Amino acid sequence: MNLYEIKGVYKSYNNKAKSRVYAVYNIDLTIKKGEVLGIVGESGCGKSTLGKMLLKLEQPTQGRIIFNQQDITDYSFKQMRKIRSGMQMIFQGTANAFNPYFTVEQIISEPLNNYSREAKELKEKKIVEMLERVGLNKTYLTRYGQEMSGGQRQRVGIARALILNPEFVVCDEAVSSIDYALKNQILQLLTDLKQQFGFTYLFISHDLASVNKICDRVVVMYLGNIVEIIPHINYQVQHPYTKALLAATLIPDPHQRERKRVLFREGEDLKIPKSGCVFQNRCLYTQSICQTEQPALMSKSGEHYIACHLCHNY
Ligand code: SF4
C-alpha cells in the first residue's frame, strides 16, 4: 500500500513558464507504507527540495502530492496542521537547530505542546521513554544543546522528530555529520524504531554506505530528474550516471577510484541542457537522440526503472 503518490511534480524558483531550469523536474514516484526509500545524488540535485515538498514545507510549482490517499497539494496551513504531526523531518547536523535557551526537555516537548492535549505528567513520561529509546536518559532533560556532543544532539533531534509517533519521517543527511561508530548506532536506532512502530522513511543522503545499510529501494537523482530507481544500492545498475556515482564512492582504493572516474566527463557544463537528456554533457555514451529527446523513466524489470535511451534499447 502506498503512503505517498507523487505525480508529475516540478519545483521552479524562477517564474518563467517554459524554462527548463527546475530544482525538481517532472517527478513520478510512490513511497510504500513501511519502506525506507533512499534518495541519492550530488549536492543540488533536488533531493532535499523533494523531501520538503512532501512535507509541504515547499509548495510544488506543478503536479500533485497524495498522502494517505488525500491530495494535500493545495492544503492550507490550517488543513496541514491536522496531519502535520504524522510527518516529521530529521535535519542534517543539530549545532544550530535548537534554541540555545531551551533545555532538552523543552526541545522535545515543543511538538507535544503544539499537537497533543495530553496531561503534563503523561507528556513527561513520553519524553523520558523517547530519550531512553534514542540511547539517552532522564539526566539529559535539564541540559542545553551546547552542553552535549554532536551525536547526543543528533539523538535529541531524532527524539523530537519521533515523539509524536509520525507515520512518515524525512531524514535529510541525518547521519552525515557524525563519526562512523555513532553513525552505525543511529542507523540501527532508526531501523529498530521502524520495526517497532512501522515508520516510513525518506532517507536523503550522499553517503552511499549508510544508504546501503538502511534503504529498501533507492532513487538516483541528477539535476532535478530521477534517472534510475533500483531495488538496493548493490543492484546491477545501468544508468551511466549511477554507475559513475557508485564507482566514485564505494571503492576504498583511491587509485582505483580515480581510474573509474573516467565514467564521467569531468569539468563539463553542469547547466541543464535546453533539450534532451540532462546528463548528456557529462555522459560518455551520448548519441544524437540524447540531445533532442528527454528519455522517459521506464520499467526495466520489477522495481528497476531507468531513464536512458541507451539502456532502453538493450
Ligand atoms: Fe547518456 Fe544518452 Fe543515456 Fe543520457 S540518454 S545517460 S546522454 S546515453
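Indexing begins at 1, ligand by ligand and atom by atom, following the structure's order. All of these numbers come straight from a predicted model, not from anything done at the bench. For the single chain, residues carry numbers from 1 onward in sequence order.
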Undergrad: Can you count the protein N, O or S atoms that lie less than 2.8 Å from atom 4 (Fe) of ligand 1?
TA: 1

Undergrad: Please list all pairs meeting ring-ring contact (aromatic ring centres under 6.0 Å, His included) that have one or both residues in residues 109-166, counting only residues at least two apart or in different chains.
TA: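 Every pair satisfying ring-ring contact (aromatic ring centres under 6.0 Å, His included) with a residue in residues 109-166: there are none.
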
Undergrad: Under the 3.5 angstrom rule, does the side chain of R155 hit a backbone N or O of V134 as a donor-acceptor pair?
TA: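 The answer is yes, because a donor-acceptor pair under 3.5 Å joins these two groups.
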
Undergrad: Quick one: ring-ring contact (aromatic ring centres under 6.0 Å, His included) pairs with a partner in residues 31-71, sequence neighbours left out?
TA: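 Qualifying pairs: Y4-F67.
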
Undergrad: Is there a donor-acceptor contact under 3.5 Å linking the side chains of D71 and T73?
TA: yes

Undergrad: Would you check if the distance from the ring center of F203 to the ring center of Y201 is below 6.0 Å?
TA: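 No.
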
Undergrad: Does any pair with a residue in residues 49-60 pass side chain to side chain donor-acceptor pair (under 3.5 Å), and if so which ones, sequence neighbours excluded?
TA: Y13-E58, K56-Q59

